[in-house]
Amino acid sequence: MSGMNNIDHNTSSQSDIDEIESLFHISVQPAALEVPRSVPPARKPSSPPRIPVSAPLLPPSFVSSSNQAFSTPVQSGPTPSTGAGFGGGPQYNTLTEPVRETLKRDLLRVATNLKDVVLPNPYREDPGKALRDWDLWGPFFFIIFLALTLSYSATENKSKVFAVVFATLSAGAIVLTLNVQLLGGSIIFFQSLSVLGYCLFPLDVSALVCQVNNTKLFRSLVVLVALAWSSWAAYPFVSTAVPSSRKALAVYPVLLLYITVGFLVLAND
Amino acid sequence: MAEEQYAHPGVCLFTVLFKFSALGFYIMCSIFIESFVIQFVVTVFLIALDFWTVKNVSGRILVGLRWWNEVDEQGQSVWHFESLDQQTLETLNKKDAWLFWWTLYLTPVAWVALGIVALIKFNFDYLLVVGVAIILNAANIVGFTKCRKDAKKQIQQFATSTLTSRMGNTIQSAFMSSV
C-alpha cells in the first residue's frame, strides 16, 4: 500500500521529504550508513520512478525504547504501514500528498475511534485496548459542537453559556482523568481524555435533537436515553482501568459529569 | 543576501501564517465580530491548526525533528523524540531553522502578554482562549526542545564512539606494527 502513495512528483519538496524520511532511519554507526537511495543533487521537480517511500515507514512495533533519538532500521525491505494512527504519530512521511490526504486519514481515525467507543459491540475484546490510538481531535470537535449547540439555542447570555459548557467539559475531563490516575488506574492520561470526549457524542446528538422539539417531555426522554448511552459507553473504559475495589469511585464522577451535561442540555430553552 | 534564501518558503509561510492569524484574530476580533462564541471558535481553531502544522510539518521539514506519543502493547505510554543524523542536520537551511525556533519561542510569550491583559481587564472568557493557546504552544516547545536535547546527546555519543573506535584502531595497529 505504501509504495502507491508516491504519485505526486511535481512538488520540489517531495525530494527533500523523501530524503529526510529515508534519513530518519539511518543508524548512527558510520559503517552502517546507507546512502539514501533518493539523493537528488538538485531539486528535480519531476523525478524518475522513485524508490518507494515504503522503506522509511516506521512500524510502531520495533521502536522499543522511549526517548531514543534514532530509530534503527531493523528491516531493509518495505515495511507494511501498521502505524495507522497514534497520537500524531510518524506516519506523515506521505506529506507530499496534500493536506487533503492527511485530513482524510485523521478523519478516518476519528471515525474509527468513535465507532469503537460508542457503538454497541459485544465482541469487543478489551475496552482498555480499544482506544490505543487516541486522538484529541474528536473530543475537541464534540466539545465545541456541544457548546455551540447549547449556546445557539440559548435565548440570552449566549457567550456565557458557551464559555461555561466548554470550561466545564474540559476541566471536568481533566479532573476525571486525574481521578482515575490517582486511584491507581492504569489508563494513560490522553487515552482517558479521549474516551471521555468521545463518550460525549450521544449528548451531542441529544442536544441536536432537542432543537427539533421543545416540549419538556420529549427533551427529558431524549436526554435520558443519551445519558444512558454515554454512561454505558464510558463505563467499560473507566472500570477496567482501576482496581476493582475502586471501581465505583472512578465511575461515579463520570456519571455525575454526564448528568450535569444532560441537565445543561435539558435546561436550555 | 542572495545566497541565504529560505529553503522551504511554503512551509515557513504556513508556520508563521497560522500563528499570526491566531494572534491577530484574537486581538482584532472584537472590532469585527460581535459574538464571543464565533471569536472563540475561530481563534481556537486557528491555534489548533498552528499546533498541527508546527508539529507535523514545520518541525520535520525545517529542522528535521519530530516527536509523538504511542501506546505500546502493555498499555504504557511511550514518548518518542527523533532527530535527523548529524550530516543532514548540517545541510538544513539555517534561515529556516532560525525562523522556526524564533516563532516557536516568541508566540507563547505573546500569548502570555495577552493573557495578562485579559486578566487585568477581567475578561475571564478570553482567558480560556489564551489558556488553550498556551497549552498547545507549550506542548510543542517541550516536544521540540526534547528532540533538540536528544540530537545533542546523539552527537556526543557519536563523537565518543567514533573517538573510541578510532583510538582502538590506532592502538591495535600500533601493536600489530610493533609486533
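These numbers come from the heavy atoms of this one structure, side chains and all, not from hydrogens, waters or symmetry mates.
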Quiz item: Side chain, backbone, both or neither: which part of A:Phe190 has a heavy atom under 4.5 Å from chain B?
Solution: side chain
Practice problem: Could you check which of A:Trp137, A:Phe189, A:Tyr152 has the highest count of heavy-atom pairs closer than 4.5 Å to chain B? | Solution: A:Trp137
Self-check item: Where A:Ala163 and B:Leu128 come nearest, the two heavy atoms and their spacing
Solution: O-CD1, 3.9 Å
Exercise. Report the distance from atom NZ of A:Lys160 to atom CZ of B:Phe36, rounding to the nearest 0.5 Å.
Key: 10.5 Å
Exercise. Could you tell me the separation between the CD1 atom of B:Ile135 and the CD1 atom of A:Ile174, rounded to the nearest 0.5 Å?
Key: 6.0 Å
Quiz prompt | CZ/B:Phe45: more than 12 non-hydrogen atoms of other groups inside 6.0 Å | solution = no
Quiz prompt | Greater than 12 external heavy atoms within 6.0 Å of B:Phe20's CZ | solution = no
Exercise. Side-chain contact test, heavy atoms from C-beta onward, threshold under 4.5 Å: evaluate it for A:Phe162 versus B:Asp125 and give yes or no.
Key: no
